Amino acid sequence: MRPIFGLRTNLVLNIHCFSNSKLQRIFITSSSPKQPINDVTLLIASDELQRCTSLTTLRKLHAKIFSYGLYHTSLWTKIAALYVSFERVDAAKFAFEFLSNPSSYLWNILIRGYATHGFFGQSLGLYREMMQKGLKPDKFTFPFALKCCAGLSDLNVGRLVHQHLVCCGCSHDVFVTAALLDMYAKCSHTEAARLVFDKMSVRDVVCWTSMISGYAHNGCNSETMVFFDLMRASGVQSNRVSILSVLLACGNLGALRKGEWLHSYVIQTGFEHDILVATAVMDMYTKCGSLELARRLFDDTPGKDVVCWSAMIASYGIHGQGRKSLDVFNDMLRAKVKPNHVTFTCILSSCSHSGLLEQGKKCFESMAKDFGISPQLNNYACMVDLLSRSGQLSEAEELIQNMPVEADASIWGSLLGACRIYGNLDLAERIADRIFELDPFHAGYHVLLSNIYAAKSRWKEVERVRRMMVRRGTNKVQGLSLIEFNNVVHKFGVRDRSHPQSNKIYDLLDELVGPMKRLGYVPLIDFVLHDIEEEAKEEALLYHSEKLAIAFGLINTPPGTPIRVTKNLRICGDCHNAIKIISRIVNRIIIVRDMYRFHHFEDGHCSCGDYW
DNA sequence: ATAGGGTTAG
């Protein structure tokens, strides 16, 4: 064996005399740092770091390098980078702090490390520190600083980073701009994202996808669809991520025809075997109202993971088929796929929609007992909802008070919803103030309370709540209903007359109201908040957005075909009654998706069994 | 060395 220590000129030659494993052994096993430190030791250490593939080896090497007193920037940079690659950002930070003058490269590695593991605050802290030290962030720094702003939804810091990257001359880098665009989109500022997008001279698939996904996640569903088509028209090949976003938007719109086209596109482009895409297609079918197509795809998908199984459970849930959800859950356990807390959220909400109180309770108990999953806020929320809807109001209140996490407005809101169903004004009054404290600008809770008063003919209080809403300036969301026809999604608001077929639509509703009343339809005027005459209240109800969309469907679609409508809010009680009767009069299946679930109306009945 | 991502209560 030749000596491992030699002259610099012999270095390469000497190193090559050893096999890789031998090199490693010699470096690791040499017990004390008595040998002289020279270039060779450094080179060997560096070589071993290069080949290091496990955290254990890295720790040993790190200790060795430290005990040898090898305080070279290049080695410690490698050590830090390796710790980041093994997801040990804090260990990397330790190595980083050891250096008096870490390079920008190493700063970037750490900023990236914190950002990609969700430690956004720490990452931004380092970014600030880097600038205080007089180091200039570069095109590798900004994407991660922006990712942190996006992750924190912090538009103010995001804007500062934007200014800074312009000053640093990085505003033309494609990675930086894509991250900038994404930051604005994730901070719900789609207009600013669009400005960034429009200014780009070169747009790759990632930039297009950031814009598409930004639109999709901000509810700009039509824009998502348009941009997906524009991207393909401009010659950019879509990939799995852009397809995921467009499927999300398509599901939000409830555009089944377009969705079927997208499914065939997925098959054509070879993404059908991608479990993420397959799950998204399934979810799209579910949200477009076709449980059958969702189930068929589910059965045809091999290698289902926990997300895919949970999605199928959720599908049956929002269509009100709780027992099927439980069947799928049992199949999942038989397939040896481990459920997570989302799976339980899906099951519990499914039980809640179907009124399966005992089964839901059992699942909730078994979460921790049999699966070692401690319930999270969502799981408690479902459980409170299940108890509330089932009429166990005091049990629900007790659970809220005893759960280890602080209840938010929406959990109390479930209980308030149950107060409306069961006419419990005392409890409603008792919890309303707390809800308004937690979320003072939510129009829905005010409307709910007002409806509870209205049901008891307490008109003075109805008026008081109405004034409260005006005073607080609650964020009223306009009710919208969508219906797809001939590949176009038609949109209707309350008393909307902007549609070209408005006259026909209003005429049809006016014609229908007589036969509806003969079949027992009584307008539920306590769903009208305004202080107006009875007759006007009836009229206000008749032109609710969901009724307009259904009338449009009746006019334009062939007899016997189902009508599918998507509503952005919860379906109103009067519409629910009216649509049941309309389904009988016109002999059509009418499928309405509201904010929370599906209602399949047929021959005077609804699949929810009026339990919603 | 870098950006975009499927299921989740009300």
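Numbered from 1 within each chain, the chains take letters A, B, ... in sequence-line order. Owing to the predicted nature of the structure, the values given are computational and were not obtained by experimental measurement.
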Task: A:Asp385/A:Arg389 ion pair, N-O < 4.0 Å - done: yes

Any base atoms under 4.0 Å from [X], or only sugar-phosphate, or nothing? Heavy atoms, all strands.
{"X": "A:Lys139", "value": "base"}
{"X": "A:Arg570", "value": "nothing"}
{"X": "A:Lys186", "value": "sugar-phosphate"}
{"X": "A:Asn108", "value": "base"}
{"X": "A:Leu348", "value": "nothing"}
{"X": "A:Asp138", "value": "nothing"}
{"X": "A:Phe144", "value": "sugar-phosphate"}
{"X": "A:Asn239", "value": "base"}
{"X": "A:Asp283", "value": "sugar-phosphate"}
{"X": "A:Asp305", "value": "base"}
{"X": "A:His217", "value": "sugar-phosphate"}
{"X": "A:Asn340", "value": "nothing"}
{"X": "A:Arg389", "value": "sugar-phosphate"}

I'd like to know whether the aromatic ring centres of [X] and [Y] sit less than 6.0 Å apart in this structure.
{"X": "A:Phe96", "Y": "A:Trp107", "result": "yes"}
{"X": "A:Phe140", "Y": "A:Tyr105", "result": "no"}
{"X": "A:Phe227", "Y": "A:Tyr215", "result": "yes"}
{"X": "A:His442", "Y": "A:Phe436", "result": "no"}

TODO: Answer yes or no on whether A:Lys304 is positioned over the face of A:Phe298, meaning its NZ or CZ is under 6.0 Å from the six-membered ring centre and within 45° of the axis.
DONE: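 Flagged: A:Lys304 positioned over aromatic ring of A:Phe298.
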
Task: CE-CG distance between A:Met284 and A:Leu256, expressed to the nearest 0.5 angstrom - done: 7.5 Å

Open item on the list: Under 4.0 Å from a heavy atom of chain A: give me the 5'-most and 3'-most nucleotides of DNA chain B that qualify.
Closed with: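 Taking any atom under 4.0 Å from a heavy atom of chain A, the span is B:dA1 to B:dG10.
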
